[in-house]
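Inspection log for the structure reproduced underneath, given as structure tokens.
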Amino acid sequence: MGLLTGAITLTTMVVSSLVPNATMAEEASCGVSSPCEVESGQYYVALPDSPADDEPIGAIIYLHGWKGKADQTVQNHALRSLADDLGVALIVPQGVGGSWSYPGSPSQDRDEFKFFDELVDDISERFPIDRDKIMLSGFSMGGSMVWNLACYQGENYAGFAPIAGAFWDPIPAACPSPLTNLYHTHGIDDKTVPMVGRAIGANWRQSDVFDSLDVWKRQAGLYGITPTSITAGDLQCDVWSAHGEKLELCLHDGGHSMKANWIRRAWLDLANTKHW
């Protein structure tokens, strides 16, 4: 199915970017070298080399793109360096068949909302992770899964940083969860997940990113608010805020790609917003 030909730069680059350093997670029964098991699936985890003494740490849960492999993604040098520099855990769950089963997705192989409930419970029980300091990020189909988790289980996370993936049709009329801190990044020249959406075969459609944003803007009363425009490195961002929560759209000139620095920026802004 030409779901996402050319897609996953991250998947293709990880093999050549292994991190040689061991972390504390490798000393546990599961972590970097072997998966942690929950009832509905598996995930990998890398803990920072030098966490704060006796203090629970934050976590970035990163969702791979289509056909991604969590065991390779957790070894990605850029992601590992990012998490280690920030002093947070990097959590990489495995999608069934390298895909994610959200509303409108061609894959409907697992109850992902149940899986992520299990994952958050497990990481907070097994590792020294603060449940109030967890940010979700993901690329392509992983980004679309992040949008759905923000919509349907948003209270479980401090913030969201999806990249190059939003809702698929049918877009929800409203979300059960209130708006939290959502930082969406997308390439204006993305042909795999275009900003305006595209059909995937005869039965599925990636939605227009602006239509996805409109769900949150309607729900949070942001239509009458003029966004603040900022430049952040290679990103041009519009930022809407209400009641201390934030909705952000950041665009770059490239195509279907991700950079760890975009996730870093979202985490640092989230930490500032949350006064961590």
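Treat the numbers as computed from the prediction; the structure is a model and nothing was measured. Heads up: numbering here begins at 1 and tracks the sequence.
- The distance from the CD atom of Q42 to the OG atom of S34 is 9.5 Å, given to the nearest 0.5 Å.
- Rounded to the nearest 0.5 angstrom, E118 CD and S40 OG are separated by 3.5 Å.
- F113 pairs by the ring pair (Phe, Tyr, Trp, His ring centres under 6.0 Å) definition with Y152, not counting sequence neighbours.
- Partners of A266 according to the side-chain contact (heavy atoms from CB on, under 4.5 Å) rule, which considers only residues two or more places apart in sequence or in another chain, are M135, A161, Y183.
- By the side-chain hydrogen bond (donor to acceptor under 3.5 Å, both in side chains) test, H184 pairs with W147, H186, sequence neighbours left out.
- Residues satisfying the side-chain hydrogen bond (donor to acceptor under 3.5 Å, both in side chains) test with D132, not counting sequence neighbours, are none.
- The shortest heavy-atom contact between G154 and S177 is N-OG, 2.8 Å.
- Rounded to the nearest 0.5 Å, atoms NZ (K191) and CG (D189) are 3.0 Å apart.
- By the ring pair (Phe, Tyr, Trp, His ring centres under 6.0 Å) test, Y43 pairs with no residue at all, sequence neighbours left out.
- Going from atom OG of S137 over to atom CD1 of I91 covers 13.5 Å, rounded to the nearest 0.5 Å.
- Annotation: side chain of L136 is not in contact with side chain of M145 (no heavy-atom distance under 4.5 Å).
- In this structure, A89 and V45 approach most closely via the heavy-atom pair CB-CG2, 4.4 Å.
- Through side-chain heavy atoms spaced under 4.5 Å, either directly or across other Ile, Leu, Val, Met, Phe, Trp or Tyr residues, I230 is tied to V239.
- Evaluation of the disulfide bond (SG atoms under 2.5 Å apart) test over residues 94-134, restricted to residues two or more places apart or in two chains, returns none.
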Walk me through it: do L63 and W100 pass the test side-chain contact (heavy atoms from CB on, under 4.5 Å)?
CA-CA 9 Å; L63 280 59; W100 302 102; 3.9 Å; yes

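- Among residues two or more places apart in sequence or in another chain, the side-chain hydrogen bond (donor to acceptor under 3.5 Å, both in side chains) test is passed with D121 by R131.
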List the steps and the verdict of salt bridge (charged side-chain N to carboxylate O under 4.0 Å, His left out) for K246 and E248.
CA-CA 6 Å; K246 184 174 293 186; E248 185 173 281; 5.1 Å; no

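- A disulfide bond (SG atoms under 2.5 Å apart) check over residues 64-155, counting only residues at least two apart or in different chains, returns the pairs C151-C175.
- Few gaps surround CG on N203; more than 12 heavy atoms of other groups in view lie less than 6.0 Å from it.
- Shortest non-hydrogen contact noted between S101 and D109 is OG-N, 2.8 Å.
- With sequence neighbours excluded, the residues forming a side-chain hydrogen bond (donor to acceptor under 3.5 Å, both in side chains) with N181 are E245, listed by chain and number.
- Sorted by first then second residue, the side chain to side chain donor-acceptor pair (under 3.5 Å) pairs that include residues 222-236, not counting sequence neighbours, are D214-Y223, S229-D238, T231-Q236, D234-K259, D234-W262.
- What you find for I163 and S257 is that their closest heavy atoms are CG2-O, 3.6 Å.
- Using the six-membered ring where Trp is involved, W168 and Y102 have ring planes that are perpendicular, over 60° apart on the 30 and 60° scheme.
- Rounding to the nearest 0.5 angstrom, the gap separating the CG atom in D84 from the NE2 atom in H77 is 10.0 Å.
- From L235, atom CG reaches atom CG of D253 across 10.0 Å, with rounding to the nearest 0.5 Å.
- Under the disulfide bond (SG atoms under 2.5 Å apart) criterion, the residue pairs touching residues 241-276 are C237-C250, with sequence neighbours excluded.
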